[in-house]
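What follows is a single structure, written as structure tokens, with notes after it.
Chain naming here is simple, since letters A, B, ... match the order of the sequence lines and numbering starts at 1 in each. This one's a predicted model, so the numbers in the text were calculated from it and none came from an experiment.
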Amino acid sequence: MPEGHTIHRIARDHSKLLVGREVAVSSPQGRFAADAERVDGHVLERIEAYGKHLFYHWDSREIGHVHLGLFGKYRISRSGDDGLPEPRGQVRMRLATDDVAIDLAGPTACTIDPPGVRRGIIARLGPDPLRRRSKPDAMIERVSRSRRGVGDLLMDQSVVAGVGNVYRAESLFVCGIHPLRTGTDCDPAELEALWATISGMLRQGVKDGRIVTVGRDESGVARNRRIPRSEATYVYKRERCLRCGSEIVRLDIANRTSYHCPLCQPR
DNA sequence: CGTATATGGATAC
DNA sequence: TATCCCTATACGT
């Protein structure tokens with residue numbers, strides 16, 4: 001379930017387990033074996049999240065890069081009486097200490113690179129609302145000068161980093177913006193509000209460990225109450241709008257299914 | 001058992 | 001715009 005919130009949550013959780021320690025790095029599946037060897041046994045100094053990218057800073061000065069893509073997943077297992085459990089399924093990378101193993105399966109990217117690679121990736125990304133001191137200026141500038149649709153622009157990681165298909169649908173819904181509205185037709189105040197909405201949703205996502213967008217603009221909803229998936233979004237993957245009951249419209253935008261409410265988000 | 005689907009993105013036209 | 005890659009899970013037969 002990888003949008004930006006997942007990545008930042010992983011960086012936070014995995015840091016507690018691995019940072020400052022010598023880490024055994026391996027590739028049970030084999031495809032990462034040559035890279036794994038280069039940092040195996042080194043101390044992990046920091047795990048950094050930027051948009052949907054993860055960077056592992058090793059004391060060898062090399063940097064691990066992981067991008068989960070659509071399918072990538074981590075699994076954590078603890079050491080038992082027989083030590084660490086065998087990897088299950090296709091495990092590209094295993095990061096292990098004496099008491100914990102973190103297994104990565106199905107990533108789009110998993111490499112060990114010189115520092116320039118990280119710099120190049122970050123240079124191509126727009127501002128990430130989850131990073132400290134990030135500002136919406138660059139996003140607003142890009143969007144307001146573009147004739148592309150807002151639904152298209154939000155999926156472009158060089159415009160904003162970390163937004164995926166769920167947050168695209170949900171943030172545009174909350175802001176009442178039709179996904180096909182062009183960037184040039186949005187005024188700066190609207191885009192400020194859109195940034196604030198995205199930022200708030202992503203932060204909530206990091207806390208919850210999943211995407212629950214309902215209740216952000218209402219009062220009195222206990223966020224830690226168990227909310228079933230069917231009530232977690234306003235429009236994403238729904239048949240009818242959670243607010244007004246209108247039939248949700250699906251469009252193909254930027255190669256992905258976009259969802260919007262024709263009544264709450266008029267063209 | 002098969003098949004469809006998924007919160008992504010690079011690359012080839 | 002179309003195609004491909006990566007893996008697990010849900011669901012139908």
Side-chain angles (χ1 to χ4, degrees), chain A residues 1-11 27-33 35 49-55 65-77 87-94 102-111 113 117-118 120-126 128-130 148-149 151-174 179-180 197-199 201-214 227-239 248 250-260:
Chain A
M1 28 160 146
E3 292 193 33
H5 69 300
T6 309
I7 306 309
H8 283 259
R9 177 64 182 256
I10 286 168
S27 182
Q29 173 224 43
R31 286 186 50 182
F32 177 66
D35 277 9
Y50 204 123
K52 298 172 187 168
H53 298 262
L54 282 165
F55 298 104
H65 172 227
V66 168
H67 193 291
L68 295 181
L70 198 47
F71 312 124
K73 276 180 184 56
Y74 280 100
R75 171 187 288 140
I76 298 178
S77 41
R88 266 195 285 155
Q90 298 286 312
V91 175
R92 182 85 59 89
M93 173 175 76
R94 166 168 279 203
I102 297 181
D103 291 338
L104 170 65
T108 286
C110 178
T111 53
D113 309 305
V117 172
R118 168 183 166 277
I121 290 166
I122 290 177
R124 270 179 262 119
L125 295 174
D128 172 358
L130 286 177
R148 291 159 62 195
D152 181 10
L153 289 162
L154 283 188
M155 292 293 274
D156 183 338
Q157 300 297 299
S158 71
V159 174
V160 217
V163 174
N165 206 21
V166 183
Y167 286 126
R168 157 173 82 170
E170 296 294 297
S171 62
L172 289 177
F173 171 83
V174 166
L180 292 179
T197 299
I198 290 168
S199 182
M201 284 182 171
L202 283 166
R203 279 171 207 290
Q204 193 62 51
V206 175
K207 277 187 202 165
D208 294 345
R210 68 175 184 130
I211 301 176
V212 180
T213 58
V214 298
I227 297 169
R229 195 172 24 245
S230 59
E231 294 168 30
T233 58
Y234 289 107
V235 293
Y236 175 75
K237 250 187 180 176
R238 295 184 60 87
E239 291 302 319
I248 294 303
R250 302 181 179 209
L251 302 170
D252 196 298
I253 304 176
N255 272 326
R256 320 296 301 283
T257 305
S258 156
Y259 304 80
H260 74 273

Spacing of the P atoms in B:dA10 and C:dA8 (rounded, Å): 23 Å

How many whole angstroms separate atom [atom1] of [X] from atom [atom2] of [N]?
{"X": "A:Y259", "N": "B:dT7", "atom1": "OH", "atom2": "C1'", "result": "10 Å"}
{"X": "A:E3", "N": "B:dA6", "atom1": "CD", "atom2": "C1'", "result": "11 Å"}
{"X": "A:D252", "N": "B:dG8", "atom1": "CG", "atom2": "P", "result": "13 Å"}
{"X": "A:Y50", "N": "B:dG9", "atom1": "OH", "atom2": "C1'", "result": "18 Å"}
{"X": "A:K73", "N": "C:dA8", "atom1": "NZ", "atom2": "P", "result": "8 Å"}
{"X": "A:H53", "N": "B:dG9", "atom1": "NE2", "atom2": "P", "result": "6 Å"}
{"X": "A:I10", "N": "B:dT7", "atom1": "CD1", "atom2": "P", "result": "17 Å"}
{"X": "A:D152", "N": "B:dG8", "atom1": "CG", "atom2": "C1'", "result": "14 Å"}

Look up atom [atom1] in [X] and atom [atom2] in [Y], then write down how far apart they are to the nearest 0.5 Å.
{"X": "A:E239", "Y": "A:R250", "atom1": "CD", "atom2": "CZ", "value": "5.0 Å"}
{"X": "A:S199", "Y": "A:Q204", "atom1": "OG", "atom2": "CD", "value": "11.5 Å"}
{"X": "A:I253", "Y": "A:N165", "atom1": "CD1", "atom2": "CG", "value": "9.5 Å"}
{"X": "A:D128", "Y": "A:L130", "atom1": "CG", "atom2": "CG", "value": "5.0 Å"}
{"X": "A:R75", "Y": "A:R88", "atom1": "CZ", "atom2": "CZ", "value": "4.0 Å"}
{"X": "A:Q90", "Y": "A:F71", "atom1": "CD", "atom2": "CZ", "value": "14.0 Å"}

Please tell me if [X] has a side-chain N or O lying less than 4.0 Å from either OP1 or OP2 of [N].
{"X": "A:K52", "N": "B:dT7", "answer": "no"}
{"X": "A:Q157", "N": "B:dG9", "answer": "yes"}
{"X": "A:H67", "N": "B:dG9", "answer": "yes"}
{"X": "A:Q29", "N": "C:dC6", "answer": "no"}

Counting side-chain heavy atoms from CB outward, which of [options] is closest to [X]?
{"X": "A:Y236", "options": "B:dT7, C:dC6, C:dA8", "answer": "B:dT7"}
{"X": "A:I211", "options": "B:dT7, B:dG8, C:dA8", "answer": "B:dT7"}
{"X": "A:K237", "options": "C:dC6, B:dA6, C:dT7", "answer": "B:dA6"}

Pair partner, C:dC5 [Watson-Crick or wobble, under 3.5 Å]: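 B:dG8 - that is the nucleotide pairing with C:dC5, both distances being under 3.5 Å.
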
Any residue of residues 161-169 of chain A with a heavy atom less than 4.0 Å from an atom of DNA chain B: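 By residue number: A:G164, A:N165, A:V166.
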
Aromatic plane relationship, A:H53 with A:H67 - under 30° parallel, 30 to 60° tilted, over 60° perpendicular: perpendicular

Aromatic plane relationship, A:Y259 with A:Y236 - under 30° parallel, 30 to 60° tilted, over 60° perpendicular: perpendicular

Earlier contact from the 5' end, DNA chain C, for A:R75 and A:N255: A:N255

Sugar-phosphate, base or nothing in reach of A:R256, heavy atoms under 4.0 Å: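 Answer is base: heavy atoms of A:R256 come under 4.0 Å of a base.
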
